[in-house]
Every structure is written in C-alpha cells, then in structure tokens.
Amino acid sequence: MEKGVFVTGSDTGVGKTVIAGAIAAAIKAHGLDVGVMKPISTGAKEIEGKLVSEDARYLKNIIDSTDDDDLVNPIRLKPALAPTIAASKTDITIDLEKVWKAFKELADKHDFVVVEGIGGLMVPIDNTLLVADMVQKMDLALVIASKHYLGTINHTLLTLEYAKSRNLRVKGIVINMLKNGKDFVREIEKYSSVPVLGTIPFKENVCVESCVYGDIVEHFRREINISKIMR
Ligand SMILES: Nc1ncnc2c1ncn2[C@@H]1O[C@H](COP(=O)(O)OP(=O)(O)OP(=O)(O)O)[C@@H](O)[C@H]1O
Ligand SMILES: [Mg+2]
C-alpha cells in the first residue's frame, strides 16, 4: 500500500481541496488512520493574530483531524499570490526543512497521508525547486484534479506530460465540476495512459471557504474506487 497521495491540479482553483478532502474521508471510512497536509498555503487569513489556511481547515475538519496546524500546514503566507512571490512580498524565506520534517512526522503517525499541492506541478516553492520536486521528495503518487471548462483537455494533458517527464507516478485524474457530456474525458484517456478515476458535478452544498461538505464524501465513495488510490 502507498503511504499517501499527493493531489495536484491542472490549475489553481480546480478543486484540489474538495478532492483531497473527499479522498481523505473515503480512506478514513475504509478504516485507516489518515492524516492531511497542505504544506504551503497562500492567501491565509489572520484570525486572532494567527494565520489560518482555509484549505488546511477544510481538510482537517472533514476527517476530524486533531493534528497541530504547524504540522498540517507548516508554511502559511498572507498574500494570495504564488508562494515565492508571497514570501518575497512579506520578507519571509520559505523554509522547506519545516515541510519535510512535518511530512515525516505525519507519515510516521498515520497509515496514509493525503497531501494537497499548491496550484499545479510547475509552481516554484523556493529559489530552485518546483511543486514537482516536493512530490519527488515525499515519494508520493499523484492524483490530478482537473475542472470541466473549455481548455480542460489541454491543461490536463500538459500536466500529465510534465509528470511523465519528471518520472512522477500518476494514479489517475478526477474531473471536478462536470457539466453535460463526457466527450472530453474520452479525449483525455485517448491521449494519455492515465485513467479518469471519476467525476464530481457542481454541488450547491460544497464550499471550502465556509467549510461545508454536503454529500461530497458519499458521492466520491459511490463514484471512485478508493482502493485504486490506496494501493
Ligand atoms: N464540486 C464542487 N461543487 C461546488 N463547489 C465546488 C466544487 N468543487 C470546488 N468547489 C468550490 O470551488 C472553489 C475552488 O475549489 P478548491 O478550493 O477545492 O480548489 P483548489 O484547486 O484547491 O484551489 P487552490 O488552488 O486555491 O488551492 C472553492 O470555493 C470550492 O468551494
Ligand atoms: Mg486548495
């Protein structure tokens, strides 16, 4: 069995948090002790003098995690910008040692860790490294979150191609916010050797910012064979 999974996106705002949360909750329902991680967050909100990431809060709440915020989300940056730009605007150096340490602690503590990436695979996380380097360092397989819009095929295939060029393992793709028709799903599968694990429609009662899940976990468990992600 894998020790975890890294949920990356074909873009920012495509549903990584919603999908990572559903994976974590589905694995928990499978009987495993699961942990969650959002290594670097930007756009963190200041609440009572502390920076809080809405993504980390959502991921923790959906599995009732009691892990410390510093473990789940060791790097929190306030500007809603790319990590290295947010860091330079606030005179902060992103200390990746903190991330590696926190990941190791979570991996030692739990059976399985679901990590949500930052934007997509080519987002810089310090002067030399990209998100793809973080995936390699954690030695995790990917699930690629993608959203249904004009451009999905291109963004998804580009992400898959880059993952391949970096020798990253890809479990599959989850298409979020599915509208009518699945023609584009067949196109993605035709041009890649990676399966589309399932789809999620727009759901009125799902909102990361308000920390509400609706029936996303039940939908996910019906739609997606979670053992394909675990093994
Ligand atoms: N299936 C869905 N139905 C309804 N709303 C959704 C769905 N999926 C995502 N959303 C909403 O769309 C927005 C983006 O989703 P999400 O935060 O999961 O994306 P992300 O890829 O994690 O974004 P980021 O790059 O900022 O981390 C959020 O407001 C979320 O509540
Ligand atoms: Mg997110």
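Atoms within a ligand are numbered from 1 in the order they appear, just like the ligands themselves. When reading the values below, keep in mind they use all heavy atoms of this one structure, side chains included, and skip hydrogens, waters and symmetry mates.
The contact set between ligand 1 and Met177, taken as ligand atoms under 4.0 Å from a residue heavy atom, comprises 2 (C), 5 (N), 6 (C), 7 (C), 8 (N), 9 (C), 10 (N), 12 (O). Within ligand 1, the atoms closer than 4.0 Å to a non-hydrogen atom of Asp55 are 27 (O), numbered from 1 in the order shown. Listed by number with element, the atoms of ligand 1 under 4.0 Å from a non-hydrogen atom of Lys38 are 27 (O). Taking every non-hydrogen atom of Gly13 and a distance limit under 4.0 Å, the qualifying atoms of ligand 1 come out as 14 (C), 19 (O), 20 (P), 21 (O), 23 (O), 24 (P), 25 (O). Ligand 1 places these atoms under 4.0 Å from at least one heavy atom of Cys207: 31 (O). In the vicinity of Ile200, heavy-atom distances shorter than 4.0 Å reach the ligand 1 atoms 1 (N). Listed by number with element, the atoms of ligand 1 under 4.0 angstrom from any heavy atom of Glu209 are 28 (C), 29 (O), 31 (O). Residue Gly15 has at least one heavy-atom neighbour below 4.0 Å for each of these atoms of ligand 1: 15 (O), 16 (P), 18 (O), 19 (O), 20 (P), 21 (O).
The shortest non-hydrogen separation linking Tyr191 to Leu157 is CB-CD1, 3.8 Å. When all heavy atoms of Ser41 and Ser53 are compared, the pair lying nearest together is OG-CB, 3.3 Å. Here the shortest heavy-atom pairing between Ile75 and Asp95 reads CD1-O, 3.6 Å. The two atoms that bring Val143 and Leu197 nearest to each other are CG2-CD1, 4.4 Å, heavy atoms only.
Using a 4.0 Å cut-off between a side-chain N of Lys or Arg and a carboxylate O of Asp or Glu, Lys147 and Asp11 do not qualify as a salt bridge. Between Asp108 and Lys104 there is a salt bridge, with a side-chain nitrogen of the basic residue lying less than 4.0 Å from a carboxylate oxygen of the acidic one. Salt-bridge check for Arg166 with Asp133: passed, with a basic side-chain N closer than 4.0 Å to an acidic carboxylate O. Under a 4.0 Å N-O distance rule, the pair Arg76/Asp69 does not qualify as a salt bridge.
Shortest contact from atom 4 (C) of ligand 1 to any protein heavy atom: Lys203 O, 3.1 Å. Nearest protein neighbour of atom 20 (P) of ligand 1, counting heavy atoms only, is Lys16 N, 3.4 Å. The shortest contact between atom 5 (N) of ligand 1 and any protein heavy atom is with Val206 O, 3.6 Å. Here the protein heavy atom with the shortest distance to atom 26 (O) of ligand 1 is Thr12 OG1, 3.8 Å. For atom 17 (O) of ligand 1, the closest non-hydrogen atom on the protein side is Val208 CG2, 3.6 Å.
Qualifying ring pair (Phe, Tyr, Trp, His ring centres under 6.0 Å) partners for His219, counting only residues two or more places apart in sequence or in other chains: none.
Side chain of Lys60 to backbone of Val36: no donor-acceptor contact under 3.5 angstrom is found. In terms of modelled atom types and a separation under 3.5 Å, the side chain of Thr42 and the main chain of Leu81 share a donor-acceptor contact.
Residue-ligand proximity: Glu116 is placed with a non-hydrogen atom under 4.0 Å from ligand 1.
Ring geometry for His148 against Phe184 counts as parallel: the plane angle stays under 30°, on a 0 to 90° scale with 60° as the upper cut.
Counting only heavy atoms from C-beta outward, the side chains of Pro39 and Val115 approach each other to under 4.5 Å. Within the 4.5 Å cutoff, side-chain heavy atoms of Trp100 are placed close to those of Met134.
For ligand 1, the polar-atom distance check finds an N/O of Val18 within less than 3.5 Å of one of the ligand's N/O atoms.
By the criterion of a heavy-atom distance under 4.0 Å, the side chain of Asn176, and not its backbone, is placed next to ligand 1. Contacts with ligand 1 closer than 4.0 Å are made by backbone heavy atoms (N, CA, C, O) of Pro201 only, the side chain lying farther away.
In this structure, atom 30 (C) of ligand 1 has a protein heavy-atom contact shorter than 4.0 Å.
Neighbouring protein atoms of the Mg ion (ligand 2) (N, O or S, distance under 2.8 Å, waters ignored): Thr17 OG1, Asp55 OD2, Glu116 OE2.
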Show, in sequence, the C-alpha distance, side-chain angles and deciding distance for Met37 and His110, and conclude whether the side-chain contact (heavy atoms from CB on, under 4.5 Å) test is met. CA-CA 12 Å; Met37 187 176 192; His110 299 288; over 6 Å; no
